[in-house]
Amino acid sequence: MKKTGILYLFCLCFYLVNAQEEPKSLLPEANITLQKDSLQFLKNKRDKNIPLDSIKNMYGGRYVDYQKISYAFDTIQIDTTLHIDKYFRHNFTQKDDFEWAPFPNQGQTFVKLSHQFVHNDILPVFGATAKLFDYLSIEDITYYHVPTPTTILFYNSGMDGQMLNSTFTTNFSKFTNFSVGYKGLRSIGNYQRARSSHINFRTTFSYYNPAKRYQFRTHFISQKLDNLENGGLTATSVKEFKDDNPDFQSRGRVNVNLYDARSFLKSDRFNYEHELRLTNTKDSLQQNLTNLKVGHHFSFEASKYQFSSTDTDYFDNNEALFGERLEDYTKDKTELRTIQNQVYLKFNSPWIFGNFKVFGAVNSINQAYDAVKTLETENIPNERNINFTSIGGSWNGKYKGVFINGYAQQVINGENLNSNLHVNAGFQLKNNVSAKAGLQIKTQTPNLNYTLNQSNFTNLNWNQNFDSEAYRTIYGSIGTKWLKADLFLHQIENYAYFDATSRANQYSQIIDYLKLKVQSELQLGHFHLNNTLLYQNVAQGKEVFRVPEFVTRNTLYYQDYFFKGDPLFAQIGISFKYYTNYYANSFNPVLNEFYLQNSSQVGNYPSFDVFVNGEVRRTRIYFKVENVTASITGRNYFVTPNQPARDLIMRLGVVWNFWN
């Protein structure tokens with residue numbers, strides 16, 4: 001009885017804190033794409049006269065007027081409902097981590113359990129890919145359109161630390177929006193020398209004139225991803241860990257490979273894009289029928305990656321992996337500057353069932369080191385300049401419930417004459433049945449870590465020219481009210497990878513990779529069973545391309561309102577995750593890349609999380625106990641041969657929206 005009273009008092013306090021007058025709408029009606037979360041949440045609520053969002057429609061306020069706009073100009077409402085999909089995304093990346101396996105500390109990297117190759121990038125990107133899970137690209141930046149000043153707070157506790165992502169946005173007028181965001185993460189971790197410290201500052205500005213003849217948007221972002229690298233557990237510690245040595249119950253006592261090593265990635269980016277409508281034709285109903293626009297997109301980004309360490313024993317004892325150490329103090333550093341410049345024409349008309357765009361782009365990439373590296377067998381240059389000129393076009397058409405999209409790009413001048421052809425088509429019915437099929441044929445330059453690298457270790461120095469990777473993909477998806485299935489058939493040629501000695505290499509044969517992902521949710525009363533199953537098969541190329549055959553996540557939860565007047569909406573449940581064993585790649589902290597290993601398999605262990613999620617008006621609270629069965633299922637849980645998965649730990653998260 002006492003516990004119930006305390007819980008009721010806690011919820012009542014949240015209710016009173018949030019019980020402020022809702023804002024009135026300042027915007028006219030607009031066509032808004034509602035988030036799937038909101039639509040699904042409406043089905044789960046009781047049969048009441050309520051809006052799609054937890055923002056009450058009081059005093060003329062309109063929840064759909066609070067909008068966020070993606071890089072592709074998709075507009076969706078800011079959603080404050082509680083849904084199980086948001087629980088899966090409540091981590092420091094704010095993305096669903098089903099296809100990843102996390103390292104022990106928040107803010108460290110993930111092991112990819114599967115791969116996604118369907119995207120339109122064909123130019124080389126910066127290396128150190130293990131650090132990019134918390135990196136925001138141009139496509140990740142969100143713009144806003146809100147009738148009143150809006151603040152969004154996202155909090156997640158770490159391992160002796162926490163993460164807070166705060167966003168403030170306001171419209172100076174109906175046509176002008178400004179936003180500023182700051183994300184800070186600091187987590188010490190339970191193991192020695194695993195501290196994560198990330199900073200992300202971003203600001204956006206968007207404008208369009210009243211006649212919508214001209215629109216402009218820009219963003220600036222500064223990112224610092226700082227990690228101490230411990231190189232994983234020592235071989236002796238791995239054995240003692242699996243044997244559940246009682247001396248290691250305090251994880252700070254476990255011996256690690258590195259005691260003074262740090263990796264650091266810093267990036268600053270300025271980006272803007274604007275377009276001007278040249279012509280516009282309207283019918284008698286004053287609806288826009290045909291228009292022609294000219295646009296320009298420019299982006300400049302300066303990045304720096306650095307690995308430093310005074311450790312010597314670990315590197316000297318692993319000469320097969322690193323080679324000889326040239327100096328006692330290791331300070332590997334590289335800088336990258338990229339410029340993207342694109343001009344385009346965009347034609348919109350019902351006569352082509354949508355819009356057609358043609359563009360020309362110039363891209364410049366400069367990778368630089370401090371000086372030429374002189375070795376016994378070769379000299380490694382200190383700079384590489386890559387310039388690409390490309391042309392392309394896209395078409396997005398829709399007729400009734402049928403859509404078709406096409407995208408083509410060809411590099412006409414540059415180091416590698418890469419190309420991309422990507423088409424897909426499908427339909428959407430009113431009864432929530434949808435289907436899509438697509439084809440992509442493209443060539444892409446491997447990331448820059450594969451072609452030029454300087455290091456204090458002889459094995460990690462190279463200057464080489466790789467052929468472009470070739471991807472041929474057929475994919476399709478089908479969705480119903482109860483089931484969604486996605487199928488990908490990839491054929492990969494000239495696949496770039498890091499071999500068992502951590503050297504960059506290229507696979508001369510073809511890789512055949514099948515990926516089938518099925519998602520469903522079953523409901524019986526207030527009980528829900530959410531299932532996600534991933535099946536993967538590598539028919540050719542298993543020696544260099546490795547993924548687990550099966551990955552599954554099954555979540556059973558109870559969902560309902562609690563207390564008189566329904567002030568609290570809550571989910572109480574348990575989530576199970578499992579993947580089959582396989583030879584997972586090892587992690588190289590110097591390169592911040594994963595490389596092949598053939599000595600140890602990981603996987604084949606169950607992981608259970610218990611959670612309680614609650615919503616009080618516009619506040620969502622997440623409480624989770626991770627790996628609750630760790631002491632029962634054994635200590636054989638590793639994500640790489642020497643990096644354990646997370647132990648039992650309690651986590652707290654909060655998402656809070658303020659509408660001023």
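Just so it is clear, the structure is predicted and the values come from calculations on it, not from any experiment. The figures here come from the full heavy-atom set of this structure, side chains too, leaving out hydrogens, waters and symmetry mates.
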Exercise. Side chain of Q223, backbone of L136: donor and acceptor closer than 3.5 Å?
Worked result: yes

Problem set entry | Pairwise side-chain contact, L276 with K293, heavy-atom cut-off 4.5 Å (strictly under) | no

For this session: Give, for atom CG of L265 and atom CG of L132, the distance between the pair rounded to the nearest 0.5 Å.
Result: 6.5 Å

For this session: Without swapping roles, check the side chain of Q491 against the backbone of T473 for a donor-acceptor pair under 3.5 Å.
Result: no

Problem set entry | Ion pair check, E273 and R217, cut-off under 4.0 Å | yes

Seminar exercise, completed: Paired with F545, the ring pair (Phe, Tyr, Trp, His ring centres under 6.0 Å) test is passed by just one of Y583, Y582, Y497, Y495, namely Y495

Exercise. Does the side chain of Q506 come under 3.5 Å of the side chain of N494 through a donor N or O and an acceptor N or O?
Worked result: no

Exercise. Between Y513 and H490, is the gap from one ring center to the other below 6.0 Å?
Worked result: yes

Exercise. Without hydrogens or angle criteria, can the side chains of Q509 and Q540 be said to hold a donor-acceptor pair below 3.5 Å?
Worked result: no

Problem set entry | R337, CZ atom: more than 12 neighbouring heavy atoms under 6.0 Å | no

Exercise. Looking just at side-chain N and O atoms, do T552 and N554 make a donor-acceptor pair shorter than 3.5 Å?
Worked result: yes

Exercise. Is the closest side-chain donor-acceptor distance between T555 and S575 under 3.5 Å?
Worked result: yes

Problem set entry | R202: partners by salt bridge (charged side-chain N to carboxylate O under 4.0 Å, His left out), with sequence neighbours left out | none

Exercise. Is there side-chain contact between N657 and Y66, with heavy atoms separated by less than 4.5 Å?
Worked result: no

Exercise. Is the shortest side-chain N to carboxylate O distance from E615 to R620 below 4.0 Å?
Worked result: no

Exercise. Would you call the rings of Y450 and F466 parallel, tilted or perpendicular if under 30° counts as parallel and over 60° as perpendicular?
Worked result: tilted

Exercise. Looking only at atom types and distance, does a side-chain atom of N91 sit under 3.5 Å from a main-chain N or O of Q94, one as donor and one as acceptor?
Worked result: yes

Exercise. Side chain to side chain donor-acceptor pair (under 3.5 Å) with T150: which residues, sequence neighbours excluded?
Worked result: none

For this session: Have a look at N447 and tell me which of T451, T445, N449 forms a side chain to side chain contact (heavy atoms under 4.5 Å, CB included) with it.
Result: N449

For this session: With sequence neighbours excluded, tell me which residues meet side chain to side chain donor-acceptor pair (under 3.5 Å) with S303.
Result: S267

Exercise. Going through the distances and angles, do V538 and V547 end up as a side chain to side chain contact (heavy atoms under 4.5 Å, CB included)?
Worked result: CA-CA 8 Å; V538 182; V547 290; 4.0 Å; yes

Problem set entry | Ring geometry between F110 and F92 (parallel below 30°, tilted from 30 to 60°, perpendicular above 60°) | parallel

Problem set entry | Six-ring centre of Y208, R213 cation under 6.0 angstrom, axis tolerance 45° | no

Exercise. Counting N and O atoms only, with roles assigned by atom type, does the side chain of N418 sit under 3.5 Å from a partner on the main chain of I122, one being a donor and the other an acceptor?
Worked result: yes

For this session: Go through the steps for E593 and T129 under the test side chain to side chain donor-acceptor pair (under 3.5 Å), then give the verdict.
Result: CA-CA 6 Å; E593 301 276 10; T129 56; 2.5 Å; yes

Exercise. If you draw the axis of the six-membered ring of Y344, does the NZ or CZ of K357 fall within 45° of it and under 6.0 Å from the ring centre?
Worked result: yes

Exercise. Any side-chain heavy atom of L448 sitting closer than 4.5 Å to one from L336?
Worked result: yes

Exercise. Are the side chain of T580 and the backbone of F550 linked by a donor-acceptor contact shorter than 3.5 Å?
Worked result: yes

For this session: Using the six-membered ring wherever Trp is involved, compare the ring planes of F270 and Y272 and label them parallel, tilted or perpendicular (cut-offs 30° and 60°).
Result: tilted

Problem set entry | F73 six-ring centre to K346 NZ/CZ under 6.0 Å and within 45° of normal | yes

Exercise. Hey, would you say the Y207 and F216 ring centroids sit under 6.0 Å apart?
Worked result: no

For this session: Could you tell me which residues satisfy side chain to side chain contact (heavy atoms under 4.5 Å, CB included) with V362, sequence neighbours excluded, listed by chain and number?
Result: T389

Exercise. Are more than 12 heavy atoms from other residues, nucleotides or ligands located less than 6.0 Å from atom CG of L429?
Worked result: yes

For this session: Show the numbers, then the answer: is there a side chain to side chain donor-acceptor pair (under 3.5 Å) between N387 and S364?
Result: CA-CA 5 Å; N387 297 294; S364 176; 3.1 Å; yes

Exercise. Hey, is K183 close enough to D134 for a salt bridge, meaning N to O under 4.0 Å?
Worked result: yes

Exercise. Is there a donor-acceptor contact under 3.5 Å from the side chain of N413 to the main chain of F388?
Worked result: no

Exercise. Given the rule in the side chain to side chain donor-acceptor pair (under 3.5 Å) test, do N271 and H297 qualify, once you have shown the distances and angles that lead to the verdict?
Worked result: CA-CA 8 Å; N271 179 89; H297 174 216; 2.7 Å; yes

Exercise. How long is the span from the CD atom in E493 to the CG atom in D467, to the nearest 0.5 Å?
Worked result: 9.0 Å

Exercise. Do E275 and Q215 have side chains that get closer than 4.5 Å, going by heavy atoms?
Worked result: yes

Exercise. Do F117 and Y471 have ring centroids that are under 6.0 Å from one another?
Worked result: yes

Exercise. With no hydrogens and no angle check, is any side-chain donor or acceptor of T109 less than 3.5 Å from a backbone partner on A130?
Worked result: yes

Exercise. Is it true that a side-chain atom of K86 and a backbone atom of T81 form a donor plus acceptor pair closer than 3.5 Å?
Worked result: yes

For this session: Please list all pairs passing the side chain to side chain donor-acceptor pair (under 3.5 Å) test where one or both residues lie in residues 391-404, with sequence neighbours left out.
Result: N396-N405

Problem set entry | Main-chain N/O of S179 paired with T203 side-chain donor or acceptor, under 3.5 Å | yes

Exercise. Side chains of E549 and Q536: is there a donor and an acceptor less than 3.5 Å apart?
Worked result: no

For this session: Kindly indicate whether the side chain of S299, heavy atoms from C-beta on, has any atom under 4.5 Å from the side chain of I339.
Result: no

Exercise. Are I412 and L417 side-chain neighbours, meaning at least one heavy-atom pair lies under 4.5 Å?
Worked result: no

For this session: Fit a plane to each ring of F298 and H296, take the angle between them on a 0 to 90° scale, and name the class: parallel (under 30°), tilted (30 to 60°) or perpendicular (over 60°).
Result: tilted

For this session: Scan L487, I441, L439 and name whichever one has a side chain to side chain contact (heavy atoms under 4.5 Å, CB included) with I474.
Result: L439

Seminar exercise, completed: With sequence neighbours left out, the residues meeting side chain to side chain donor-acceptor pair (under 3.5 Å) with D140 are S137

Problem set entry | Test item: T169 side-chain N/O and F178 main-chain N/O as donor-acceptor pair under 3.5 Å | yes

Exercise. Taking 4.0 angstrom as the limit, do R553 and E99 come out as a salt bridge?
Worked result: no

Problem set entry | Side-chain heavy-atom pair I138, R269 within 4.5 angstrom cut-off | yes

For this session: Would you sort out whether K515 and L534 count as a side chain to side chain contact (heavy atoms under 4.5 Å, CB included), showing the intermediate values?
Result: CA-CA 7 Å; K515 176 181 175 181; L534 176 65; 3.7 Å; yes

For this session: Measure the acute angle between the ring planes of Y557 and F611, then classify it against the limits of 30° and 60° as parallel, tilted or perpendicular.
Result: tilted

Exercise. Less than 4.5 Å apart, any side-chain heavy atom of F88 and any of D97?
Worked result: no

Problem set entry | Residue of the set Q440, Q409, K442 for which side-chain hydrogen bond (donor to acceptor under 3.5 Å, both in side chains) holds with N420 | Q440

